[in-house]
Amino acid sequence: SKFTQQELPACKPILTPKWVITAFTIVGIIFIPIGIASLSASNDVVEIVDRYETACIPEDSSGSKDAKIRFIQGNSSKTCNRTLTVPKHMKNPIYVYYQLDNFYQNHRRYVKSRNDQQLRSNDSASETDGCKPEAEANGQPIVPCGLIAWSLFNDTYNFQKNNAQLAVKKKGISWKSDRDHKFGKDVYPKNFQQGSLIGGASLNESYPLSDQEDLIVWMRTAALPTFRKLYGKIEVDLEANDVIQVTLENRYNTYSFNGKKKLVLSTTTWLGGKNDFLGIAYLAVGGLCLFLALSFTGIYFVKPR
Amino acid sequence: MSGEGHHRRRIKFSKIYSYLCTRPKAEEGHSQIGQKGFSRVVYCNDCDYQEAVQSSYSGNYVSTTKYTVVNFIPKSLFEQFRRVANIYFLVVACASFSPLAPYKAVSVIVPLIVVIGATMAKEGAEDWRRRKQDVEANNRTVQVYDCNSHSFQETKWKRLRVSDIVKIFKDDYFPADIVLLSSSYEDGICYVDTKNLDGETNLKLKHALEVTSSLNDDDSFRKFEAVIKCEDPNDNLYSFIGTLCYNHEPYTLSLQQLLLRDSKLRNTEFVYGAVVFTGHDTKVMQNAVDPPSKRSTIERRMDKIIYILFSMLVFISLIGSVYFGLGTKKDISAGKMRRWYLRPDDTTVLYDPNRALLAAFLHFLTGLMLYGYLIPISLYVSIEIVKVLQAIFINQDQEMYYEETDKPAHAHTSNLNEELGQVDTILSDKTGTLTCNSMEFVKCSIAGIPYGRGVTEVERALARREGKKLPEEDDDSSDLLENKGDQMESVRAVKGFNFRDERLMNGQWVEEPNSDLIQKFFKVLAICHTVVPDADKETGEISYEAESPDEAAFVIAARELGFIFFERTQTSISLHEIDPNSGKTIVRVYNLLHVLEFSSSRKRMSVIVRTPENQLLLLCKGADSVMFERLSKNGRAFEAKTKEHIKRYAESGLRTLVIAYRELDEKEYKTWEVGFLKAKTSVTADRDALVDAAADKIEREMILVGATAVEDKLQKGVPECIDKLAKAGISIWVLTGDKMETAINIGYACSLLRQGMKQIVISLDSPDIVALEKRGNKEEIAMASSDSVAKQLREGKDQLGLSKKGSDSFALIIDGKSLTFALTKNLEKSFLELAINCSSVICCRSSPKQKALVTRLVKLGTGKTTLAIGDGANDVGMLQEADIGVGISGVEGMQAAMSSDYQIAQFRYLDRLLLVHGHWCYRRISMMICYFFYKNIAFGFTLFWFESHASFSGAAAYNDWYMSFYNVFFTSLPVIALGVFEQDVSAQLCLEYPFLYLEGVQNILFNWFRILGWMCNGVISSIIIFFFTTKSIASQAFRKDGQVVDFEILGATMYTCVVWAVNCQMALSSNYFTWIQHLFIWGSIAFWYIFLLVYGYLSPTVSTTAYMVLTEACSPSPLFWLMTPVVVVSTLLPYIIYRAFQTQFWPMYHDIIQQRRAPSIETEPASFTAIKQKTRKPRVKLMDRVIKFNISPFYFKLT
């Protein structure tokens, strides 16, 4: 048969000059508009970034790293006021993120330090495999156990515009699949943050885990050491030059590992948040292809095969 | 037939044969019997086997398998784990159960078991086939004397013991090495066919000792008892030293009495013999080299690449663990925790800052496992699969199917497919490989007139090369002749006879001017020979059994022209011949007085007969070099013309003999006979010389009649095939057991040797050496021979050096004896140097062992790939020694074919096997391996880059199952499709442009530049994939609803880009797309999405990080979809830019041909020639390259 004789009908693409030039041109022509569209989408995004971890330390504690750590672990008031100015009109919903830096949520020990069974159902509440050293407190299993939950982010933000409270909606900031399938409706926090060392936030034991959206968001570990996590949504428009008062509780210790903390308010477009990289990449690759097409045309013109 | 048998029995050949049947002089070494190396004692007919048991000689069971049932599992496992990569994976699999592992143990163990299991199954199947053959041989039966029943009983070969008495019948193989005791002939002679041992087709005469030759019926063994003392088992086929003690008298045994296993009894009803060597002790088995497991060059280089990858793996793991160690150590300083969220104060040893060094070391192990994806585990198994499929294609190829014998090509091993594409030197057997091994009488010159209109292969080849018409077509009457010829052929095609000339055929010769000489000529052919006729009683047809096919051809020619030799008795030869006067057929009986046999030193043969008219005639045929000087003055009438014809015949590749006769007068004969008989019966050491001298006296003053020309018919298509192979840059050596003259003739016939080529002949036939040999001092002979060979080698090199300026091409011809010395340690280098500078090399008279040694010398000396091709069992050593052994499944049994790696039916299929399949397979495998490394590096390095952003903690960027399916589902099928189907150019073009093959010989597709290039490409791709992905979805919201990218989404996105990139890269580097490729490549990509979808729908306990990742998170995001194209195009750019520049400025051979061929698909055939002419240009370019790369000079001699 044709198959065994290796004579199946086949197309045999050959790298002819024509083919090369055409391919490069087509790629260039397609990529450049995409690049422009992406760039413009990125430009449409209004983003406010406020780095506060240094500013929110009282001056007497801001001397050394040790002093900062002492402050953050101490009992003094951690309330801090920040003022943000809206540069452009921001259309709702406006997403509120906190951004951590140099925080290795992707560390192997950290990533593994959780127990999915325990999170899902009450029946396996005592399952704490892999959660050490945050598996048990006073001989009782911790729910939710593990380092991730234990180190839950606990800074809080309060927004005011013109002395009026800006509501931050905390519902629906996590993935629906997480709420429905990974965090049980009948699993309530138990023995959480009862150990010798307190990590991050505590949980309200009267809500099931599926309602603890901050925890759910936090437990979706970040891929890179610099990451944003959704804090909430502001569902009103903000006008240009609006001044927003932020009252924040600066509780989370990033000082011991020199991490930054940022508060981010951002709108989105069809492409998401603000990032020019993709647009530039498209433009660069498209441009390079066009350039190559041109130069190959030149080469073939000068030195035909 | 019984009558015939009795008739035979009466013949005592020893009476008429002057040389062979005489008692040989005692060989050296008999004094050593009983000492070391000569300790074997055989008590023949030892009924109780007592002595045999004592001496515990091995049985006759022969096993050629690699494994036995018991050792299969451990041994094959051991074989498997000789591959470094497999050991690595085993260690990883074991380690993956420990907490060190970055992934689950199952995901490593399953692929490993699959890989090892598949390979072991393959090994087992191959060995099973070998075992079946052994069983077949071991269960053949032979008649063995049974002391209890006093009769011969059928016994299986494997039960045969040393000291058994066996009876072997006509056309049976000898089951072991046997000392001949007696035969059906009274004087105890028998004929033996040793084709399987040395490839020689002539029958060998063996004869029993006189004392035992009377034991010629079954009963005589009742009281027979004898003791044989002889040498220990050894591999020398050409010597045997022993004594037979019979009736308390010692008798000397020599090779004359030894019948070797694997040779065959011919022309003799039966023989009796005593078994001396059995099973693996037999000389044949001792000659057999252990079947080696052959590995191709590519595979060996692949191992090196694996080592490189290992070092890379170790290196990056080391970097990782150093960073990890430092990072971990800093986690606690002065009692303060840095990354408190990791709880460094309460941790396991893996992350313990206080034992950072140990943690770093353990992390190093983790790294070795994690980056293990750099080492493609599925590479070996994929290659095995691909090679098996390639082998199936070879087996199925219709173009290599030989209808006449219903034999397709067959690949016995699939390990060497790609090696077929890299052959540098072909070492070929001659008989049965290049030739059909049948002689045909084609032409003759009688009385200065040439007869015979046949066209030889060589003439055809010449005519083709010069673009001329065939000579016969110039003839006016060619049409008529052809018609006649056709008619003749349609009437009957006679084997060994291809003579077409209406002037002589059908009795027309009587009309010719020199009809008396013509008659003489054919009489000589019909009388002067040693052939035995065998008449079929029913049909009356006569067939002949000859010592050599040449003689058979002569007798057949004489028969076809009306001189029918039909009976030989001890003293007479009878012919049916046509009386030229009456035109009737009459019977004439010639009295045979003496046969002066052919020997390589005499180069002639004569018979002295008395005609019915009582006339004494000496009829002689011989080589022209000795015949012309023996002619009488008045017998030289046609000398000049005959010489001219002989020259022309030789140029046409025919073997020629001069025919002459002499009329003797009674007185002269009588005086001569007295002297001759005296010489013959003398018992001095120089008896042979005396006989020679005596014979010489009568073979003079002869009258020239003419010359014969016999063609050793080449197999169909051999010259063309050799021509093509030569153009492909392959040099061809012919190693043959044949005589030098024959070998040279064939060299001409198959265009290995050409007119104008200078021949460097190295032989030890010089008089002083011969003289030394007579004196018989072994050491002296060895010394002198060695010196002589060394001198000849030096001279040869000087000749080569001299002509460096000129354009002469050289051919080296060396005989077996010289070869023995040329292959010694101190000379082999200069021999090799000389040989590889010659266009063609012919080694004649070489033994199987020598063939293997030459092969090894070429293989090791040049370091290039060698291919040996042969058809006889004598070629087995060579086939096994060479990198690739190709067996021809021809007439000479199946041994060669079975022990070969590839089996083809005809030599001419070799060009397709090499130029098409070899080229493709080489290309496929090398591309496949390069691509494998590419895809695994591209993947493995993304893991590394991710690590560098995860403080080298050993967290994998992807879900466990993404990773273990990477090599199995998402990238493997397209590679396999590439390995199986890829074609750079079509089969037809491969054959049309043999120089494409140089890509393989020069290893262009698998050189380090290319391999490292692909590796770099892999690294670049990984960088592009990782950084483009992370940068473009770094931390901002990646969809409209504000969600950001997390660990799971980044993994899926990056993996998507990897799958796309490697598959598109494959599509780009592939030259050939059938629906299968399309299906596999695009199917793999589609399958990834499907997998992600399905896997994501499984319960989160199974899918963990992949839960709903595509449906919920990725697919609604335009960013996810937009990122893939830009990343993929960017990864492809480096390769495509490189290729575009390369095809423009430094095109490879296949690029050129693809380019040239591309337009011709659209254009009309008229422009085809123009395109062809254009392609001449690259050929010239190529020649430069050939010189540069120091490829065999043979190549451009032909172009």
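So you know, we letter chains A, B, ... as the sequences are listed, proteins then strands, and number each from 1.
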On the 0 to 90° scale, with breaks at 30° and 60°, tag the F1141(B)-F296(A) ring pair as parallel, tilted or perpendicular.
tilted

Quick one: sort the W340(B) and F257(A) rings into parallel, tilted or perpendicular, breaks at 30° and 60°.
tilted

Side-chain heavy-atom pair L342(B), Y104(A) within 4.5 angstrom cut-off:
no

Kindly indicate whether the side chain of F277(A), heavy atoms from C-beta on, has any atom under 4.5 Å from the side chain of T1030(B).
no

Option in [options] with maximal non-hydrogen atom pairs under 4.5 Å from chain B:
{"options": "G259(A), S266(A), S177(A), A222(A)", "result": "S177(A)"}
{"options": "Q99(A), E47(A), K229(A), E134(A)", "result": "E134(A)"}
{"options": "L288(A), V20(A), V285(A)", "result": "V285(A)"}

Contact part of E947(B) toward chain A, heavy-atom cut-off under 4.5 Å: side chain, backbone, both or neither?
neither

Interchain contact, I1076(B) with chain A, by part (heavy-atom threshold 4.5 Å):
side chain

Kindly say whether M1108(B) contributes a backbone atom to a donor-acceptor pair with the side chain of W175(A) at under 3.5 angstrom?
no

R220(A) bridged to E1048(B) by N-O distance under 4.0 Å:
yes

Any chance the rings of Y341(B) and H107(A) have centres within less than 6.0 Å?
no

As an exercise: rank L1050(B), I392(B), T348(B), V1044(B) by heavy-atom pairs under 4.5 Å with chain A and give me the winner.
V1044(B)

